[in-house]
Amino acid sequence: QVQLVESGGGLVQAGGALTLSCIASGPTFSNFRLGWFRRAPGKEREFVAAIGTNGGNTYYTDSVEGRFTISRDNGKNTVFLQMNSLKPEDTADYYCAAVRRLRALWPTARAAYDYWGQGTQVTVSS
């Protein structure tokens with residue numbers, strides 16, 4: 001029903017910047033609540049950032065607060081994650097996620113999302 005495709009990952013030096021994009025197909029994009037998660041090697045997938053349907057509400061995990069910015073362009077069915085001041089510990093596979101319904105534990109819980117992309121790899125070198 002909904003497909004999400006991430007892009008923009010790659011290799012970047014510590015302190016550098018990278019912007020991830022996620023393009024969604026399916027029902028009206030503006031109705032989606034969106035999030036970014038990441039999975040570092042050997043670790044579980046963790047919440048990074050989320051944005052509400054109208055873009056007015058954004059949420060970040062403490063470790064990226066002030067460095068990452070989530071935004072959306074509903075006209076392009078795209079959600080972005082601008083990552084600045086990257087650190088080696090940001091190295092991970094990054095996934096975008098979407099859900100139409102607002103439910104308990106949104107935005108931080110993986111279980112709050114219904115749709116997931118395949119991921120894009122971000123490697124931050126020291």
Side-chain angles (χ1 to χ4, degrees):
Q1 184 178 7
V2 175
Q3 289 187 307
L4 305 171
V5 180
E6 304 96 335
S7 63
L11 176 64
V12 64
Q13 292 179 308
L18 207 60
T19 298
L20 307 182
S21 300
C22 175
I23 301 176
S25 62
T28 305
F29 182 78
S30 61
N31 290 335
F32 292 154
R33 294 167 174 83
L34 302 163
W36 286 95
F37 287 71
R38 65 186 181 186
R39 187 182 70 239
K43 298 183 179 180
E44 295 184 350
R45 193 175 301 188
E46 66 174 354
F47 171 76
V48 176
I51 189 166
T53 55
N54 62 4
N57 296 322
T58 58
Y59 309 86
Y60 301 94
T61 192
D62 288 345
S63 63
V64 308
E65 180 72 40
R67 299 189 298 120
F68 291 11
T69 302
I70 187 170
S71 62
R72 64 191 297 164
D73 185 338
N74 288 343
K76 297 181 178 179
N77 285 12
T78 303
V79 60
F80 304 94
L81 185 67
Q82 174 66 49
M83 304 183 294
N84 299 320
S85 302
L86 283 162
K87 305 174 181 179
E89 51 262 45
D90 295 318
T91 295
D93 291 331
Y94 283 73
Y95 303 84
C96 65
V99 64
R100 190 171 298 107
R101 294 180 296 160
L102 177 64
R103 53 197 184 198
L105 300 180
W106 188 88
T108 59
R110 180 180 177 181
Y113 297 85
D114 293 324
Y115 309 102
W116 295 85
Q118 295 299 306
T120 185
Q121 184 173 333
V122 173
T123 302
V124 183
S125 64
S126 59

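Minimum interatomic distance between F37 and P107 (heavy atoms only, all atoms of both residues): CZ-O, 4.0 Å. Of all non-hydrogen atoms in N74 and S30, the two that sit nearest each other are ND2-CB, 3.6 Å. Considering all non-hydrogen atoms of both residues, T120 and E6 come closest at CG2-CB, 3.9 Å.
Between L11 atom CG and T91 atom OG1 the span is 8.5 Å, to the nearest 0.5 Å. For the atom pair N54 CG and N31 CG, the distance stands at 11.5 Å (nearest 0.5 Å). If you take OG on S126 and CD on Q13, they are separated by 10.0 Å, rounding to the nearest 0.5 Å. Summarising the geometry, atom OG1 belonging to T78 is positioned 12.5 Å from atom CG belonging to L20; distances are rounded to the nearest 0.5 Å. In this structure, OG in S63 is found 8.5 Å from CD in E89, a value given to the nearest 0.5 Å.
With I51 as the fixed residue, the side chain to side chain contact (heavy atoms under 4.5 Å, CB included) test singles out one of T58, L81, T69: T58.
No continuous path of ILVMFWY side-chain contacts below 4.5 Å connects L4 to F47, so the two sit in separate hydrophobic clusters. Follow the hydrophobic side-chain contacts under 4.5 Å out from V122 and you reach Y60 in the same cluster. Hydrophobic clustering of Ile, Leu, Val, Met, Phe, Trp and Tyr side chains at less than 4.5 Å, counting indirect connections, unites L34 with V2.
Ring pair Y94/F68 is tilted by interplanar angle, where 30° to 60° counts as tilted. Using cut-offs of 30° and 60° for the angle between ring planes, the W106 and Y113 rings count as tilted.
At least one side-chain heavy atom of W36 sits less than 4.5 Å from a side-chain heavy atom of C22. In this structure, the side chains of V79 and F32 stay at 4.5 Å or more apart for every pair of heavy atoms. For the pair R38/V64, a side-chain contact is recorded, criterion being any heavy-atom separation below 4.5 Å from C-beta on. Residues F29 and R72 form a side-chain contact, since some pair of their non-hydrogen atoms from C-beta on lies under 4.5 Å apart. D90 places none of its side-chain heavy atoms less than 4.5 Å from the side chain of M83.
Crowding of E44 atom CD: a count of heavy atoms from other residues, nucleotides or ligands under 6.0 Å not exceeding 12. Annotation for E46: atom CD counts as buried by contact number, over 12 foreign heavy atoms lying within 6.0 Å.
A search for side-chain contact (heavy atoms from CB on, under 4.5 Å) contacts involving R39 returns R45, D93, Y95, not counting sequence neighbours. With sequence neighbours left out, the salt bridge (Lys or Arg N to Asp or Glu O under 4.0 Å) criterion links D73 to no other residue.
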Point to revise | Verdict with supporting geometry, Q1 and Y115, side-chain contact (heavy atoms from CB on, under 4.5 Å) | key: CA-CA 9 Å; Q1 184 178 7; Y115 309 102; 3.0 Å; yes
Can you list, pair by pair, the side-chain donor-acceptor contacts under 3.5 Å of residues 96-105, counting residues two or more places apart and other chains?
unit_1, atom_1, unit_2, atom_2, d
R103, NE, A112, O, 3.3
R103, NH1, D114, OD1, 3.3
R103, NH2, A111, O, 3.4
R103, NH2, A112, O, 3.3
R103, NH2, D114, OD1, 2.4

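Defined by atom type and a distance below 3.5 Å, a donor-acceptor pair is present between the side-chain atoms of T19 and Q82.
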